[in-house]
Amino acid sequence: MGAVTDDEVIRKRLLIDGDGAGDDRRINLLLKSFTKWCHSPGSPEEGFTQYQRMLGTLAQCEFSMGKTLMVYDMNLREMENYEKIYSNIEQSIMSAHDKIGECKKEIQRAKRIRKNRQEYDALAKVIQQHPDRHETLKQLEALDKELQQLSHIKENVDAKLELRKKQFHVLLTTIQELQQTLEIDEKSDSDDHSQESPAENGE
């Protein structure tokens with residue numbers, strides 16, 4: 001049988017309880033019993049028995065009410081917890097929007113820097129065509145220094161990349177050599193066992 005859902009349990013309880021609420025039904029029965037008990041001309045023993053039953057019903061009602069209050073308090077705490085979670089989520093969303101805005105600004109700034117560098121490159125070409133002016137030479141020297149710095153940075157990056165490639169190649173070569181050594185050792189061990197077997201059979 002499959003798992004019984006909460007809706008099915010509630011539906012069955014509603015069908016079992018006449019008016020859909022067990023506590024209300026118990027209270028109604030308790031009131032009817034109390035009225036009947038008050039007007040009952042029965043013996044004291046029967047009255048005492050009925051009195052004990054009413055006390056038991058009342059205890060059930062009190063227990064159910066206490067349980068309902070506990071569930072209500074738990075629901076209130078859950079609602080407060082959900083409100084805190086919702087508030088945290090909203091703050092996270094706002095923070096994410098702020099970060100997205102900052103990233104967009106960074107992208108725009110990077111685009112401006114790239115555009116400026118392209119303009120600097122175009123200006124450098126113009127300066128190279130007019131090397132006779134003193135001020136132009138100064139600008140060209142400044143641009144050359146900047147280009148040299150960028151070239152030096154690029155060379156350092158290329159050197160690091162080449163070093164990493166060599167290190168990775170050495171690592172792969174070492175792994176292959178180790179695999180070959182292991183294979184040779186395994187083959188040698190296998191040959192030794194095959195040679196020892198006939199000798200042991202002879203003994």
Are there over 12 heavy-atom neighbours, none belonging to Met70, within less than 6.0 Å of that residue's CE?
no
Rounded to the nearest 0.5 Å, what's the gap from [atom1] on [X] to [atom2] on [Y]? Could you check?
X: Lys145; Y: His152; atom1: NZ; atom2: NE2; answer: 15.5 Å
X: Lys99; Y: Met94; atom1: NZ; atom2: CE; answer: 13.5 Å
X: Asn116; Y: Leu123; atom1: CG; atom2: CG; answer: 11.5 Å
X: Lys84; Y: Asn88; atom1: NZ; atom2: CG; answer: 9.5 Å
X: Glu155; Y: Gln148; atom1: CD; atom2: CD; answer: 10.0 Å
X: Glu146; Y: Asp121; atom1: CD; atom2: CG; answer: 8.5 Å

Kindly determine whether Lys154 and Asp158 satisfy side-chain contact (heavy atoms from CB on, under 4.5 Å), including the steps that lead there.
CA-CA 6 Å; Lys154 182 178 180 299; Asp158 291 339; 2.9 Å; yes
Without swapping roles, check the side chain of [X] against the backbone of [Y] for a donor-acceptor pair under 3.5 Å.
X: Ser87; Y: Glu83; result: no
X: Thr174; Y: Val170; result: yes
X: Ser95; Y: Gln91; result: no

Any side-chain heavy atom of His169 within less than 4.5 Å of one from Leu172?
no
Side chain proximity check, Phe168 to Arg164, heavy atoms < 4.5 angstrom:
no
Identify whether Ile93 and Tyr82 are in the same connected component of the hydrophobic contact network (ILVMFWY, side-chain heavy atoms under 4.5 Å).
yes
Connected via hydrophobic side-chain network under 4.5 Å: Leu69 and Leu76
no
Output yes when Arg77 and Asp73 qualify as a salt bridge under the 4.0 Å nitrogen-oxygen rule, no when they do not.
no
Please determine if Arg109 and Glu106 form a salt bridge, counting it only when a charged side-chain N lies under 4.0 Å from a carboxylate O.
yes
Apply the test side-chain contact (heavy atoms from CB on, under 4.5 Å) to residues Leu182 and Gln179: give CA-CA distance (whole Å), side-chain angles for both, the deciding distance (0.1 Å), then the verdict.
CA-CA 5 Å; Leu182 291 174; Gln179 288 179 344; 5.6 Å; no
